[in-house]
Amino acid sequence: MIFEKQIKEAVLNIVSCLYSCELCEDSLQIQKTKKDFTGDFTVVVFPFVRYSKKSPDATAEEIGENLMKTVPFIKDYNVIKGFLNLSIHDETWLNYFNNIRSKELLLNINEQDQSPIVVEYSSPNTNKPLHLGHVRNNLLGDAVCNILQANKYNVIRVNLVNDRGIHICKSMLAWIKSGKEETPESSGLKGDKLVGKYYVEFDRLYKQEINQLESQGLSKEQAEKQAPVLLEAQQMLQKWEEGDEEIRALWAKMNAWVYEGFDKTYKQMGIRFDKIYYESNTYLLGKEIVEEGLNKNIFYKHEDGSIRVNLENEGLDEKVLLRSDGTSVYITQDLGTATLRANEFNPQKMIYIVGNEQNYHFDVLKLILDKKLGYTWGETIYHLSYGMVELPSGKMKSREGTVVDADDLMEDMIAIAKENTEKLGKTDNFTTTQLDHLSSMIGIGALKYFILKVDPKKNMLFNPEESIDLNGNTAPFIQYTHARIRSLLRKAEAQEININDSVCVSLIPEQEKELLRTLYEYPSVVKQAGTELSPALIANYTYELVKAYNHFYQDTPILREENKELRIYRLQLSLYTADIIKHAMKLLGIDVPEQM
RNA sequence: GGUUCCAUAGCUCAGUUGGAUAGAGCAACUGCCUUCUAAGCAGUAGGUCAUUGGUUCGAAUCCAAUUGGAAUCACCA
């Protein structure tokens, strides 16, 4: 970032002097020199050829020659097929490195606009436990927030709990019918699991009744609409909306069970929120906005009494905003909560972490707020859409019991991590608590990394067996490297080697410069991940870094190195590598152990 | 059918604003534990970047068409 900028300015200068033309900054790219060529930075000269009216090689030669004269830290240059490779003096690298160790330079990111960024994620329903799909959502949300915060943004983490609706009533009804007053305490089940059990139970009752009605001669459609349990559930919802005390009490009781269960899951997952909204508090808010739009003739009343908006000019369809009976639909409440948040926080951006099955919904939402209602903050909405998580057996379907439960999954991961750790026998001196803590770090880390390393917008395949493989591009591999470095540093300390000495190795071994360069890139990776909202970028960078470190130092004797200066330099580079690994993994919400 | 997204090694995935000879891991095969932690390292093999055309000095990357897959197009959330 520092070097690139200076080289860029110098090149722009030279080009404008030499060929008397004004270049825009974008047409000039400085990139890192590919492995197989000598040099540190590369200038692509093709864009200048039209001005220089010379061959690419001659142009590159000319620029290279002038750069040597004007930029003091450039040691040498070479030209290959129109690529101008620049080498930087070793002293310059070392200077930079010695500065970097003060950590001030670690993330040299300027103060950002401090108006908040509101990030909504998780957004569970309270009728069933969290599953693998939620896991991707939660992890993405958490990581995105971490990355934005590392970029010095003011982030507000928000969860919108969908705690009302027909699905909740189904669980409640089944509990009344066949629950026998079962509670989390009496059953030993986690609260969300218990409620989820009755949601499944409802489905069973419902199907039973449908079959019965069908055998009485009704068509399938008729049976689905007339099944008594369904009618009862609908009645219950109506009573809930009317504020029926008995129903509300049961609703509150069962939801409280669920929240207790969710809290445990969130805690295990290591995610948190600054603010939790409940849909039962906000679902009415959108109505006013719809009324307002109706008065301004932005929306219109359909002949059946429902209120709608026509988005055909924008390439979309007609959309219902309020039911004919005056009750609100999904988009009504989202219009409401968005407005609520905009007024509450005056955010520069509102990010929604929601699956790609709702792309259309968010297109509509943005369009209505921004273009139709003309709210200035409408365009601040950003839908971070992620793909589905599929299983080798196909899609997850709750009815077919192919859902991967979040708690079970985490438990499995931890158990496997523990088994592996014990098998390797490196932690025999650990206490049980320490071992559990380590297993949890490794198991949960493996899960998080496995999911976050994939580009969010792509559908991904979750193979339970492969995911717990702790080899290759996985969190345990990264954690392991970190642990090894810390162990190395502990031993150095025991030998009373002072790592903090400022270092000036006369010549940095060429290969190790490569590692230094990778480290050098870290701040810009974080910055870019912040703008792209992509934890995958951080994950893959970290893996590259670890590969690079292992490649250079795996078989390099560091503590036994006779050249004292070189030894200290390598220890410092190791220390710095470990720090970056730790920092990067923290952005992904993954802990790294000191020892494993 | 309309809209949006995806297609890179047998499998799972990377691939920076278009740049040099396409990158890992898993699976397969070969070496390496008296050596700072082998959850590792080094190596072999594996590719028509879905297809075709276009844009240009230069395309896995941008544009168009085609093929295949996913999501969505509810008075469900």
Side-chain angles (χ1 to χ4, degrees), chain A residues 26 29 31-34 36-37 42 44 46-47 49-50 56 80-83 85 123 125 162 164-167 279 302 304-308 315-317 319-331 333-334 355-361 363-364 385 387-388 390 392 395 417 420-421 423-424 426 442 446 450 453-455 457-463 466-467 469-474 476-481 483-492 495 521 524-525 528 532 536-537 539-541 543-544 547 550-551 553-561 570-571 574 595-596:
Chain A
D26 298 340
Q29 22 177 331
Q31 47 193 249
K32 94 172 179 191
T33 303
K34 292 256 172 11
D36 310 320
F37 304 93
T42 296
V44 183
F46 289 107
V49 171
R50 51 200 285 219
I80 297 167
K81 292 197 294 184
F83 292 89
N85 301 322
S123 312
N125 291 354
N162 179 13
R164 48 143 247 124
I166 188 79
H167 47 291
E279 205 189 298
H302 193 260
D304 62 12
S306 62
I307 296 175
R308 307 186 176 195
L316 304 176
D317 300 319
K319 194 81 188 166
V320 172
L321 300 176
L322 215 53
R323 291 196 188 100
S324 41
D325 62 5
T327 58
S328 61
V329 291
Y330 181 39
I331 192 125
Q333 74 85 14
D334 252 359
N356 63 9
E357 72 270 14
Q358 293 190 30
N359 285 352
Y360 182 73
H361 170 76
D363 285 347
V364 171
S385 153
M388 304 185 68
E390 285 164 22
K395 279 175 201 148
N420 270 282
T421 308
K423 203 160 61 191
L424 289 166
K426 293 176 190 171
I442 297 171
F450 188 86
K453 75 176 175 188
V454 181
D455 184 344
K457 70 170 177 288
K458 287 186 176 173
N459 287 0
M460 66 174 289
L461 188 84
F462 185 85
N463 185 333
E466 265 180 41
S467 68
D469 188 347
L470 309 182
N471 294 310
N473 187 359
T474 62
F477 170 59
I478 294 168
Q479 290 168 323
Y480 172 65
T481 303
R484 249 182 38 230
I485 295 175
R486 302 251 62 122
S487 163
L488 176 66
L489 294 169
R490 278 194 298 273
K491 291 197 168 151
Q495 289 182 27
E521 278 161 16
S524 59
V525 170
Q528 197 189 333
E532 307 247 321
L537 197 63
N540 286 298
Y541 165 83
Y543 179 63
E544 290 298 319
K547 287 280 287 180
N550 282 334
H551 180 70
Y553 284 168
Q554 186 71 29
D555 298 317
T556 305
I558 294 178
L559 291 177
R560 285 174 290 118
E561 171 64 58
R570 284 175 171 160
L571 281 168
S574 299
Q595 191 187 345
M596 70 186 272

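Naming convention: chains lettered A, B, ... in sequence-line order (proteins, then strands); numbering from 1 in each chain.
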| query | Is A/Arg490 near enough to B/rU37 that one of its side-chain N or O atoms lies under 4.0 angstrom from OP1 or OP2? | reply | no

| message | I'd like to know if A/Thr421 reaches the base of B/rA39 with its side chain, counting only an N/O donor and acceptor under 3.5 Å. | response | yes

| Does OP1 or OP2 of B/rC36 have a side-chain N or O of A/Ser487 closer than 4.0 Å? | no

| request: Give the nucleotide from the list B/rA20, B/rA39, B/rA77 with an atom nearest to the side chain of A/Asn420. | output: B/rA39

| request: Counting Watson-Crick and G-U wobble pairs only, both distances under 3.5 Å, name the nucleotide matched with B/rU66, or none. | output: B/rA50

| task | Would you indicate, yes or no, if B/rA77 has its OP1 or OP2 atom less than 4.0 angstrom from a side-chain nitrogen or oxygen of A/Arg323? | result | yes

| Pairing partner (Watson-Crick or G-U wobble, both distances under 3.5 angstrom) of B/rU3 | B/rA71

| Do A/Gln595 and A/Arg484 get their side chains close enough for a donor-acceptor pair, meaning under 3.5 Å? | no

| message | Taking only side-chain N and O atoms of A/Tyr480, does any of them lie within less than 4.0 angstrom of OP1 or OP2 on B/rA39? | response | yes

| request: Side-chain contact test, heavy atoms from C-beta onward, threshold under 4.5 Å: evaluate it for A/Thr421 versus A/Lys426 and give yes or no. | output: no

| field | Sugar-phosphate only, base, or nothing, as touched by A/Ile166 at under 4.0 Å among non-hydrogen atoms | value | nothing

| task | Look at all strands and tell whether A/His361 reaches a base, only sugar-phosphate, or nothing, counting heavy atoms closer than 4.0 Å. | result | nothing

| message | Please confirm whether the shortest side-chain N or O distance from A/Lys453 to OP1 or OP2 of B/rA24 is below 4.0 Å. | response | no

| task | May I ask you to say whether A/Lys457 pairs ionically with A/Asp455, meaning some side-chain N is under 4.0 Å from a carboxylate O? | result | yes

| Whole-angstrom distance between B/rU8 and B/rU3, as gauged at atom P | 24 Å

| Once you round to the nearest 0.5 Å, how far does CD of A/Glu279 lie from OG of A/Ser123? | 9.5 Å

| task | Using a 4.0 Å heavy-atom cut-off across all strands, classify A/Tyr543 as base, sugar-phosphate, or nothing. | result | sugar-phosphate

| field | Phosphate OP1/OP2 of B/rA20: any A/Lys34 side-chain N/O under 4.0 Å | value | yes

| message | Please classify the nucleic acid contact of A/Ser385 as base, sugar-phosphate, or nothing, using heavy-atom distances under 4.0 Å. | response | nothing

| field | Phosphate OP1/OP2 of B/rG40 contacted by A/Asn471 side-chain N/O (<4.0 Å) | value | yes

| task | Would you state whether a donor and an acceptor, one from the side chain of A/Thr42 and one from the base of B/rA20, lie under 3.5 Å apart? | result | yes

| Is there a side-chain polar atom (N or O) of A/Lys458 under 4.0 Å from OP1 or OP2 of B/rA70? | no

